[in-house]
Amino acid sequence: MELLQELIKIDHQAEMPVYIQITNAFIHHIRAGRLRKGLRLPGSREVATLLGINRMTMVAAYDELKAQGWIEMLPRTGTFVTQDLPVLKPGRIKEEEKVFTIPAKPSFHFDEKHIIPVFSSDFPEGGKIILNDGFPDSRLAPVERLVSSMRSLVRLATQRKYFMYGGAQGTEKLRHILADFLSDTRGLPVSPANILVTRGAQQGIYLAAHTLLQPGDHVVVGEPGYAGANLIFRYTGAKIISVPVDEEGMDIDKLEDICKKKKIKLVYVIPHHHHPTTVTLTPERRIRLLELAAKYKFALIEDDYDYDFHYASKPIMPMASLDRHGSVIYIGTLTKTLAPAIRVGFMVAPEQFTTAATHLRKAVDTQGDSLLENALADLYKDGTIGRHIRKSVKLYKERRDHFCNLLRTELGAHVSFKIPDGGMSVWTKFLSADTMELSANAYRKGLVMGNSRDYDTYPKRYNSVRMGFASLNFREQEKAVDILKGLLR
Ligand SMILES: Cc1ncc(COP(=O)(O)O)c(C=O)c1O
């Protein structure tokens with residue numbers, strides 16, 4: 001049994017108690033087969049002598065091994081490695097049992113420059129007022145109705161199959177309903193085959209971009225623009241070209257100049273309430289953009305993330321509804337309609353492209369949440385979503401007016417902004433205060449607010465922030481503005 005001396009090494013400097021070290025070593029060697037099943041083990045006194053430890057320490061180790069089922073002690077016969085080794089159940093490892101912690105850095109090489117940090121990915125902090133980037137008020141979302149629809153669905157035998165693999169394109173039920181909804185409300189001539197249900201607009205843009213782009217391809221985006229989309233394009237290895245966005249949306253003359261000089265593979269536009277400036281692309285520019293897409297054969301991602309929330313008049317018809325050539329990849333989302341964490345959106349495109357993007361989706365994400373998709377289909381069908389949109393638009397319009405009024409009366413000397421026609425945020429320029437400093441100070445006073453670094457595209461600095469009014473009630477808005485007023489004074 002000198003073998004034990006070889007196998008069991010004790011570190012007397014380690015924080016881990018010696019009896020645990022011995023226990024772990026025995027387990028390790030039993031599992032590795034070095035101490036075979038049924039092997040007779042020496043008594044605790046003998047092992048203690050071999051290892052140069054106190055006998056009571058060895059008794060404690062054997063007791064622990066016995067308790068865990070690794071050894072058995074037969075009266076007047078001896079100690080043996082158990083014939084039937086314990087079935088290991090994963091359980092929480094006690095702090096003192098941890099032999100090592102997972103190293104912070106891997107042993108293999110990966111190129112960290114591929115990881116491009118943008119926005120914070122933490123949930124909003126409780127107990128603070130959150131002036132977000134322009135998100136809906138999740139307190140209004142019909143979640144009870146959604147949950148009750150899910151509950152009804154799980155009781156139906158016909159729904160059992162939706163717990164299995166399938167439906168990478170989204171459930172047929174939701175795609176049918178969406179096809180009707182998009183045709184009725186946005187004039188989109190679509191069939192369910194054109195639709196890919198995604199996890200929000202972000203995944204739609206990602207799938208479209210990665211289906212389409214090769215490293216080195218040229219992509220045109222608006223400046224300032226949506227960092228989340230630019231991030232996706234950077235990940236594809238495409239070259240990003242910026243075109244200014246003015247009061248009427250993307251400058252189409254500038255875009256045409258670029259098309260004359262370079263082969264453009266993709267143009268990304270946000271037609272309603274451009275991110276971040278909130279302007280809406282005019283009908284004239286929409287038509288010219290479609291003509292250019294057909295002429296220069298580029299794909300057009302129309303990210304209509306905010307379509308429903310127009311306050312001045314009805315929203316303008318999407319370019320996808322006029323697209324005779326098959327240039328447009330139309331993206332929409334329910335995350336802005338209901339709540340950001342209800343991750344369902346859609347991509348609408350010519351069928352062949354939708355199929356290709358579905359294959360990619362299957363590779364990265366297998367499929368969406370079929371039960372959630374079918375429950376949402378029920379909410380479309382029974383009018384819940386339609387009613388929710390109408391109610392939210394009415395309320396957000398009041399909140400926009402109240403917030404803009406507060407900005408004008410309370411912070412008028414410090415900010416400049418235009419009242420947005422739609423969307424959920426006000427693009428606010430701070431005239432003298434540095435937004436980085438302001439948001440850090442506001443945080444200390446209980447107000448969470450972004451800063452202009454979220455929108456700057458170096459070397460361009462805007463010193464502006466998107467101030468989301470939709471998710472704050474009047475009282476919360478007043479508190480937020482009051483904090484800013486105190487800081488700007
Ligand atoms: C312009 C734009 N597109 C897409 C998205 C992503 O939306 P989703 O949460 O549906 O993925 C956002 C989110 O704020 C956005 O502002």
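As the structure lists them, so they are numbered: ligands from 1, and atoms in each ligand from 1.
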Ring centroid separation [X] to [Y] under 6.0 Å:
X: Tyr268; Y: Phe233; value: yes
X: Tyr396; Y: Phe309; value: yes
X: Tyr455; Y: Tyr462; value: no

Point to revise | Under-4.0 Å heavy-atom contact with ligand 1, by part of Arg343 that carries it | key: side chain

Review point. With backbone taken as N, CA, C and O and side chain as the heavy atoms from C-beta onward, which portion of Gln202 lies under 4.0 Å from ligand 1: side chain, backbone, both, or neither?
Key: both

Main-chain N/O of [Y] paired with [X] side-chain donor or acceptor, under 3.5 Å:
X: Arg361; Y: Ala168; result: yes
X: His210; Y: Tyr206; result: no
X: Glu476; Y: Ile129; result: no
X: Gln477; Y: Arg399; result: yes

Practice item. Report yes or no: is the cationic atom of Arg186 (NZ for Lys, CZ for Arg) closer than 6.0 Å to the six-membered ring centre of Tyr307, at no more than 45° off its axis? Key: yes

Atoms of ligand 1 less than 4.0 Å from [X] heavy atoms?
X: Asp303; value: 1 (C), 2 (C), 3 (N), 4 (C)
X: Ile270; value: 1 (C)
X: Gly200; value: 10 (O), 11 (O)

Looking only at N/O atoms, are [X] and ligand 1 under 3.5 Å apart anywhere?
X: Thr333; result: yes
X: Thr335; result: yes
X: Tyr226; result: no
X: Ala201; result: yes
X: Tyr305; result: no

Revision key, fill the gap. Ranked by distance from atom 16 (O) of ligand 1, the top protein heavy atom is His275 ND1, 2.9 Å

Check your understanding: Out of Lys336, Arg199, His274, whose heavy atom is nearest to atom 13 (C) of ligand 1?
Key -> Lys336

